[in-house]
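Scroll down for the structure; my scribbles are underneath it.
Chain A is the first sequence line, chain B the second, and so forth, proteins listed ahead of strands; every chain is numbered from 1.
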There are 2 protein chains.
Amino acid sequence: MTDTTEPGRRRADARRNQRSLLDAAAAVFVASGVEAPVRDIAAAAGVGVGTVYRHFPTRADLVVAVYRHQVEACAEAGPVCLAEGPTPYAALTRWIDSFVDLLVTKHGLAAALRADSGQFDALHSYFVDRLVPVCADLLAAAAEAGEIRRDVDAYQLLRGVGNLCIGADSDPRYDARRLVGLLLAGLRSPD
Amino acid sequence: MTDTTEPGRRRADARRNQRSLLDAAAAVFVASGVEAPVRDIAAAAGVGVGTVYRHFPTRADLVVAVYRHQVEACAEAGPVCLAEGPTPYAALTRWIDSFVDLLVTKHGLAAALRADSGQFDALHSYFVDRLVPVCADLLAAAAEAGEIRRDVDAYQLLRGVGNLCIGADSDPRYDARRLVGLLLAGLRSPD
DNA sequence: AACCATACGGAACGCTGTTCCGCTTAACAA
DNA sequence: TTGTTAAGCGGAACAGCGTTCCGTATGGTT
């Protein structure tokens with residue numbers, strides 16, 4: 001995927017439109033969720049749909065671009081959590097909490113993350129590439145400290161947490177954080 | 001929702017078509033997943049789309065009709081598991097396993113279950129109405145026996161398990177059963 | 001000022017679920 | 001057997017989606 005996000009030496013109107021698009025998308029996502037129609041985003045940016053696809057080959061790429069900073073921040077928080085302790089397991093739970101925050105805060109982001117979405121592949125890949133290694137480090141540290149079982153795969157854990165967050169908004173009877181907490185508690189069970 | 005499934009004294013061709021539709025839908029769901037287009041099901045049954053909607057007001061109703069027997073069986077398995085012991089917690093895990101089987105076996109069923117689907121509301125309601133009470137009994141028994149924490153809600157647990165099953169097919173790196181196992185292990189943690 | 005690659009807008013395409021309505025036909029009465 | 005009619009059927013049509021395409025406009029350069 002060619003990164004159309006970097007400033008590059010493109011035409012002024014192109015750069016301007018890209019900015020409008022990112023701003024508009026962020027606003028629309030907050031208001032209507034990540035699954036908002038492309039046409040709505042185009043309209044909010046005062047731009048035609050063709051322009052959207054010129055800048056972002058697919059809806060997923062637009063979503064990635066909008067949330068890139070936050071995903072990046074989450075990834076960088078991993079080592080920080082580990083350093084701040086007090087134990088690797090505590091760091092893991094705190095980091096997972098921040099991940100859950102990221103997903104639950106943005107309407108429909110978690111749902112968009114599932115692999116079998118067809119579209120949204122790019123979104124899934126980006127999250128996986130960036131966050132799985134971070135999670136793996138935390139898991140390894142906790143396992144090394146004997147705080148959790150050793151046979152937990154970072155990819156699976158992240159997918160599981162992501163799945164648990166689906167529909168966390170839009171259903172008052174459901175509390176994703178609580179279930180994630182139980183899942184993390186389950187990691188402590190003996191191998 | 002009026003139940004168009006009961007035999008009633010309708011015209012012979014109507015009954016015949018309803019049968020074809022259910023058979024065809026079951027076959028198509030196995031082959032292409034629960035989210036297969038209505039047109040495909042109509043074609044497989046040798047029937048027009050209008051006929052599909054005459055018998056099943058919405059796609060969700062068709063899905064419910066196809067899986068009604070299996071959901072019923074799962075619901076009835078609850079008390080049986082409890083009776084067979086050896087402990088309420090063992091019964092709970094065995095019952096949840098059968099629930100997971102139900103979801104993982106049918107492509108895309110778990111995904112269709114999420115509440116915020118828009119369409120598929122009927123499916124969600126049916127599962128909830130039928131299975132939450134069963135799960136609640138199992139949870140209560142296990143809690144009473146002091147095997148698990150007391151503050152676990154049946155609806156939340158079922159939604160959590162359902163969510164964990166999303167995409168279990170179509171992603172070899174992901175093992176829903178394993179994560180459900182971890183979640184259940186988490187139930188044993190102290191209040 | 002004149003040129004043209006770059007970028008734009010939005011109609012058009014192919015895919016959904018669902019609705020609508022003119023036609024067919026099963027069921028029943030005479 | 002034939003006639004009547006309401007139940008049922010088929011599939012065109014509608015609305016909404018992501019995405020593609022292409023004639024037109026324009027920023028940057030000579």
Could you tell me how far apart [X] ([atom1]) and [N] ([atom2]) are, to the nearest whole angstrom?
X       : N      : atom1 : atom2 : answer
A/Asp40 : C/dG10 : CG    : P     : 15 Å
A/Ile41 : D/dG16 : CD1   : P     : 17 Å
B/Phe56 : C/dG17 : CZ    : C1'   : 16 Å
A/Tyr53 : C/dG10 : OH    : C1'   : 13 Å
B/Asn17 : C/dT25 : CG    : P     : 12 Å
B/Arg54 : C/dC20 : CZ    : C1'   : 11 Å
A/Leu62 : D/dC17 : CG    : P     : 16 Å
B/Arg59 : C/dT16 : CZ    : C1'   : 9 Å

Do the charged groups of [X] and [Y] touch, with an N to O distance under 4.0 Å?
X        : Y        : result
A/Asp171 : B/Arg159 : yes
B/Glu144 : B/Arg150 : yes
A/Arg177 : A/Asp101 : yes
A/Asp153 : B/Arg178 : no

Quick check on [N]: is either OP1 or OP2 less than 4.0 Å from any side-chain nitrogen or oxygen of [X]?
X       : N      : result
A/Thr58 : D/dG18 : no
B/His55 : D/dC9  : yes
B/Thr51 : D/dG10 : yes

### B/Val38 vs A/Val47, nearer the 5' end of DNA chain C by closest nucleotide
A/Val47
### Message
Between the base of C/dG17 and the side chain of B/Arg39, is there a donor and acceptor pair under 3.5 angstrom?
### Response
yes
### Query
For B/Asp13, which of B/Arg15, B/Arg11, B/Arg10 qualifies under side-chain hydrogen bond (donor to acceptor under 3.5 Å, both in side chains)?
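Passing option: B/Arg11.
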### Query
A/Gly78 and A/Leu138: which non-hydrogen atoms are nearest, and at how many Å?
O-CD2, 4.0 Å
### Message
Just to be sure I understand the rule, does A/Ala43 reach a base, reach only the sugar-phosphate, or reach nothing, if contact means heavy atoms closer than 4.0 Å?
### Response
nothing
So which protein nitrogen or oxygen atoms get under 3.5 Å of nucleotides 27-30 of chain D's nitrogens or oxygens?
from, atom 1, to, atom 2, distance (Å)
D/dG28, OP1, A/Ala12, N, 3.4

### Message
If you define the side chain from C-beta out and look only at heavy atoms, does anything of A/Arg94 sit under 4.5 Å from A/Glu84?
### Response
yes
